[in-house]
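What you are looking at is a predicted structure, and each value in this text was computed from that prediction instead of being measured.
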Amino acid sequence: MNTKQVEELTGMSRQNIRYYERQGLLEPAREDGNAYRDYSGEDVRRLKLIKMLRMLDMPLKEIEDVINGTVSIQEAAGRQREELEQRQRQLQAAISVCGSLQKEKGGKVDVDGYLDKMEKMSGAGGGFARFMDDYKQVVLEEREGMFSFYADGPVNTSAMFERELKRYASEQGARFRMIKKGRYPQFLMGTDTYTAVRVMEKKRKNEGGPSVKIICERKNSEESPGKIPERRRRAMKGIHIVAVNIRRHRRKSILNLVLSLLSVTVLAFYLGNIGSTRRMIAELPEEFTITGEIWNMCGELNHGLFISHQVLEDLYASPLISEIAESAELMGKTENSVSVEEGEGVQDDVTLVGVNRMKCIEGMTKEDIVWESGMDWEKFQESSDACLVSESFVRESGIAVGEDLRFNLERYSQGLAGVTLTREELTPEVFHIAGTYKEIQGRDGGNPDVLLPLDVVKSIYERNDKVYFASALSFRVADPMRLDEVKRELENAGMKEIIYGSPNSYVGISVKLTDSVFIRSMESADRSRVLLESFLPFIFLIVAAAGYIIPSLLFQDRREEYAVMRALGTGRYFGGSLFFAEHILPALVGALAGAVLAAAAGAVDFGGMLLVWGTYMAVYMLGAAAAMWKFGRFSIAAVLAHRD
C-alpha cells in the first residue's frame with residue numbers, strides 16, 4: 001500500500017511517517033523499478049504502536065528498544081508510568097502554587113516564600129515517594145540484571161566455563177570479554193560486568209541426565225550511574241530480596257507467622273498469670289484485716305483480765321499496731337441521790353466498764369446509742385463525768401437520761417498469782433447519764449450496766465493510788481506483710497502463745513491473732529508464684545530453641561540458594577542478614593498479632609503486651625541468630641557440585 005493509504009489507516013501525516021523512517025523505527029519495502037514505498041500490514045501495525053507509545057509521551061529511544069525487542073512493552077510501560085507519576089506530582093505542586101498566586105492581593109508577592117514552598121513540594125510525596133521511586137528502579141535493575149542458561153556439556157575447567165559464556169554471548173549477539181577466570185569468573189557482556197557461577201543439577205527439566213546450570217548476575221549498570229547511592233541501593237536490594245523470598249516461600253512464612261502468634265499468645269497468658277499472682281499477693285494485705293486479742297494462758301478468757309501497764313505501753317508505742325480497743329472493769333453499787341436522803345434501799349452490784357472505742361463492746365454502732373441533746377461519742381470520750389447506761393439498767397432502776405448517779409466503787413485485784421480474785425474499795429464517784437445504749441443478746445463479754453470513758457477509769461485508779469490494769473484489749477495489725485515483726489514485738493512485750501489445757505488464771509499474758517487465713521492465702525499464692533516463675537527460664541529456653549529449630553528446618557533445603565548468592569559475590573554477613581530478616585519478619589508480625597490478641601483477651605495490658613512481644617522477639621532472635629550462624633558454615637563449592 002502507498003503512503004496515502006497508510007496516512008488514512010494510521011491517522012499520521014506524511015511528515016511524521018518520514019520522520020520515523022529517518023529515525024530507523026520503520027523501513028518499508030520499495031517497488032521494483034521505482035522508488036515508491038510499499039508499506040506492509042506489519043508496517044502499519046508498527047506505526048500504530050509508535051503512535052500509541054508517543055501518545056504516552058514515551059521517548060523515541062525507549063520506543064526503539066520496544067520495536068527492536070530489547071525491552072518488552074510491559075517493562076517500557078512500567079518505566080513510563082513511573083515517569084508520568086513523577087511529573088504528575090510536580091504538576092500538582094505547580095497547580096497548587098498557581099492557585100495561591102491567583103489569590104494574592106496587591107502587586108507585591110513573597111517570591112522567596114513561594115520558591116521555598118515550591119522546592120519543598122517539588123518532591124510531592126516527600127521522602128517516601130522518592131524512596132519508592134528509587135526502590136522501583138532497583139527492583140527493575142535486579143530483574144534485568146540476572147539471567148541463567150544451561151551448558152551444552154560438562155563444565156569442569158575454567159576454559160570450559162569460558163567457552164560456555166562465550167557461546168551464550170554469541171547467541172545473544174553481545175560483545176564478550178573475560179575479565180577474571182576461575183571458579184566464579186567475571187566477564188564483560190555488552191557494556192555490563194557480570195559474575196557467573198555454575199550449579200550442578202541432578203536432573204534437567206524434561207531430560208533424564210544431570211546438567212550444569214550457569215547463573216550470571218550483573219555487577220554494575222551504566223543506565224543510571226550514580227543516581228542512587230551505593231549504600232541506599234544495597235539496602236533496597238536487600239529489602240527486595242527479602243520481600244521476594246517471603247512471597248516465594250509463603251507457606252513457610254505463614255507457618256512461621258502462625259507458630260509465633262500461638263507461642264506469644266501462650267506466653268502472654270503465662271506471664272499474665274504470673275502478673276496476676278503477684279498482684280494478688282500485693283493486694284492480699286488490703287483484703288485481709290488481721291486482729292489480735294489478749295487472752296489468758298489457757299485460752300478461756302478474753303475479758304476481766306489483768307493486762308499489765310508495761311504490755312499496754314509496748315503496744316501503744318508500736319507503729320505496727322493500730323486501732324487498739326482497751327477496756328477496764330469496775331464494780332459498784334449505786335444510790336439515787338434523792339433515795340439516799342430518805343434512807344431507801346441500795347441497788348445490787350453494777351458492772352462499770354471504761355472503754356476507748358465502740359469496738360470494745362462487740363457489735364456496737366452509733367445507731368445503738370441514744371444521746372442526750374448536744375452529746376456524741378467524741379464529746380463523751382472527752383468528758384470527765386459522763387456515762388452511758390444500758391436500756392435494761394434504765395428500766396430496772398427507773399432512772400432517766402440527764403440524771404446524776406453516785407456509785408460506791410470497787411475494783412478487782414489478783415489473788416494467788418492471778419488464779420483467784422479479790423475486791424478492793426475505791427472512793428465513791430458521781431456520773432452524769434449522757435445516754436443509753438442498746439443491748440445485744442449473746443454479746444461477747446456481756447452487756448455492762450454502765451459505760452465510762454477509759455480515761456475516767458484511769459483517773460479513778462490514780463486518785464485511789466492503785467496500779468492500773470486493763471481488763472480486755474484488742475488491736476489491728478497495721479501492715480499484714482510485717483506480721484513477723486508484730487509477733488516479735490509482742491514476744492518482747494511478754495506476750496506468749498495460748499497453751500490450751502494449761503491452768504486457768506485471770507492474767508492477760510497470751511495473744512490470739514486472726515492470721516491463719518491470711519497466712520494460708522499468702523503461702524498458697526506465693527507457692528503458685530514460685531512455681532510459675534521457676535518454669536519461666538525453661539519457657540524462654542523453649543522459645544530460644546524454637547528460634548533455633550524453626551529456621552534450621554525452614555532453611556535446610558535452601559543451602560544451594562545461599563551458596564549461589566555467596567558465589568555471585570554477596571558477602572557472608574549481608575547474605576546471612578537477608579536470610580535472617582526473611583525469617584524474623586514473619587515471626588515479628590506473628591508475635592505482634594499474638595500479643596495484641598492476648599491484650600484483647602485481657603491477659604495483659606498495653607505495657608505488658610509490648611513487654612511480652614519484645615521479650616519473645618529478643619529471645620527468639622538469639623536462637624535464630626545461632627541457627628543462621630550454623631547455617632552458613634558449609635563449603636559453597638561442595639553444595640553447588642552436590643557433593644555436600
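In the displayed structure, Y316 atom OH is contacted under 6.0 Å by more than 12 heavy atoms of other residues, nucleotides or ligands. Taking a 6.0 Å sphere around CD of E313, one finds it holds more than 12 heavy atoms contributed by other residues, nucleotides or ligands.
The salt bridge (charged side-chain N to carboxylate O under 4.0 Å, His left out) check on E424 picks up R411, K466, with sequence neighbours excluded. The salt bridge (charged side-chain N to carboxylate O under 4.0 Å, His left out) test applied to E429 returns R463, not counting sequence neighbours.
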Go through S383 and D385 one step at a time and tell me if the side-chain hydrogen bond (donor to acceptor under 3.5 Å, both in side chains) criterion holds.
CA-CA 6 Å; S383 173; D385 63 350; 3.2 Å; yes
Could you walk me through whether N296 and N504 satisfy the side-chain hydrogen bond (donor to acceptor under 3.5 Å, both in side chains) test, starting with their C-alpha distance in whole Å, then the side-chain angles of each, then the deciding distance to 0.1 Å, before giving a yes or no?
CA-CA 7 Å; N296 63 354; N504 196 1; 2.9 Å; yes
As a quick check of understanding, evaluate salt bridge (Lys or Arg N to Asp or Glu O under 4.0 Å) for R423 and E410, giving each step before the final call.
CA-CA 6 Å; R423 296 171 70 161; E410 294 179 338; 2.6 Å; yes
Pair V353, L452 - check side chain to side chain contact (heavy atoms under 4.5 Å, CB included), show working.
CA-CA 6 Å; V353 177; L452 300 171; over 6 Å; no
Between R278 and E533, is a salt bridge (Lys or Arg N to Asp or Glu O under 4.0 Å) present by the stated rule, with each step listed?
CA-CA 11 Å; R278 289 176 176 173; E533 290 181 351; 2.4 Å; yes
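A donor and an acceptor atom, one from each side chain of D404 and H432, are located under 3.5 Å apart.
Screening I433, L388, L352 for a side-chain contact (heavy atoms from CB on, under 4.5 Å) with V450, the sole residue that qualifies is L352. Among V355, I324, L451, the single residue meeting the side-chain contact (heavy atoms from CB on, under 4.5 Å) criterion with C360 is V355.
Using a cutoff of 4.0 Å between basic side-chain nitrogens and carboxylate oxygens, K487 and D484 are not scored as salt-bridged.
Aromatic ring orientation, W371 versus W377: perpendicular (interplanar angle above 60°, classes split at 30° and 60°).
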